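None of the values given here were measured: they were computed from a predicted structure.
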Amino acid sequence: MPLEQKAEQGRITINENVIARIAGAAAMEVFGLVGMSSRQQLKDGFAELLGRENYTRGIEVRIENGEVDVDLHIIVSYGTKISEVAHNVQERVKYTLNEIAGISANRINIYVQGVRV
């Protein structure tokens with residue numbers, strides 16, 4: 001279900017896929033983030049690292065009653081503080097969604113799927 005916003009000239013409809021792409025691009029700007037991981041469970045104990053064209057597979061966007069929830073499945077860099085990277089990703093995604101699309105995210109959930117060197 002796409003997000004609908006009312007403007008002076010009419011209505012704006014934003015698809016979940018667009019929100020996921022914006023969130024993925026914003027998250028990748030954070031230091032300590034290696035990439036996105038598949039939303040599916042780990043395969044043979046290893047998280048699948050997704051390429052730039054597949055970021056949306058690692059991000060789930062839910063829109064209910066005009067509220068946006070974003071789940072990001074990430075892989076962090078070895079040697080970085082995981083909680084700090086997760087917090088920075090939350091802040092960066094929240095800020096970017098608000099600045100680019102005027103979307104105020106209700107929740108941004110981070111799932112750390114793995115650590116890579």
Is Y111 reachable from V115 through a run of hydrophobic residues whose side-chain heavy atoms are each under 4.5 Å from the next?
no
Do F31 and N88 come within less than 4.5 Å of each other through their side chains, counting heavy atoms only?
no
Are I82 and I110 connected in the hydrophobic side-chain network, where two residues link if heavy atoms are under 4.5 Å apart?
yes
How about D69 and E64: do any of their side-chain heavy atoms sit closer than 4.5 Å?
no
With a 4.5 Å heavy-atom cut-off, do I22 and I103 have their side chains touching?
no
Say whether I74 and Y95 are linked into one hydrophobic cluster, either directly or through other cluster members, by side-chain heavy-atom distances under 4.5 angstrom.
no
Heavy-atom closest contact (G66 atom, L3 atom, distance):
O-CD1, 4.0 Å
A side-chain contact here means heavy atoms from C-beta on lying under 4.5 Å apart; do N106 and V68 qualify?
no
Between the CZ atom in R62 and the CD atom in E16, the distance rounded to the nearest 0.5 Å is 11.0 Å
Just how far is it from atom CG of N17 to atom CD1 of I59, taken to the nearest 0.5 Å?
9.5 Å
Using the rule side chain to side chain contact (heavy atoms under 4.5 Å, CB included), only one of V34, V89, V112 pairs with V76; which is it?
V112
For T96 and A26, work out which heavy atoms get closest and say how close.
OG1-CB, 3.4 Å
Please find the pair of heavy atoms, one from T80 and one from G32, that lie closest to each other, and give the distance.
CG2-CA, 3.9 Å
Determine whether a donor-acceptor pair (N or O, by modelled atom type, separation under 3.5 Å) exists between the side chain of Q90 and the backbone of I108.
yes
Qualifying salt bridge (Lys or Arg N to Asp or Glu O under 4.0 Å) pairs, either residue in residues 86-104, two or more places apart:
E29-R92
Determine whether L72 and I100 fall in the same hydrophobic cluster, where Ile, Leu, Val, Met, Phe, Trp and Tyr are linked whenever their side-chain heavy atoms lie under 4.5 Å apart.
yes
Hits for side chain to side chain donor-acceptor pair (under 3.5 Å) against N15, two or more places apart or cross-chain, chain-then-number order -> none
Shortest non-hydrogen separation from V85 to L33 and the atoms involved:
CG1-N, 4.3 Å
Report the distance from atom CE of M36 to atom CD of Q113, rounding to the nearest 0.5 Å.
11.5 Å
List the atom of V70, the atom of A23, and the distance in Å for their closest heavy-atom pair.
CG1-CB, 4.3 Å
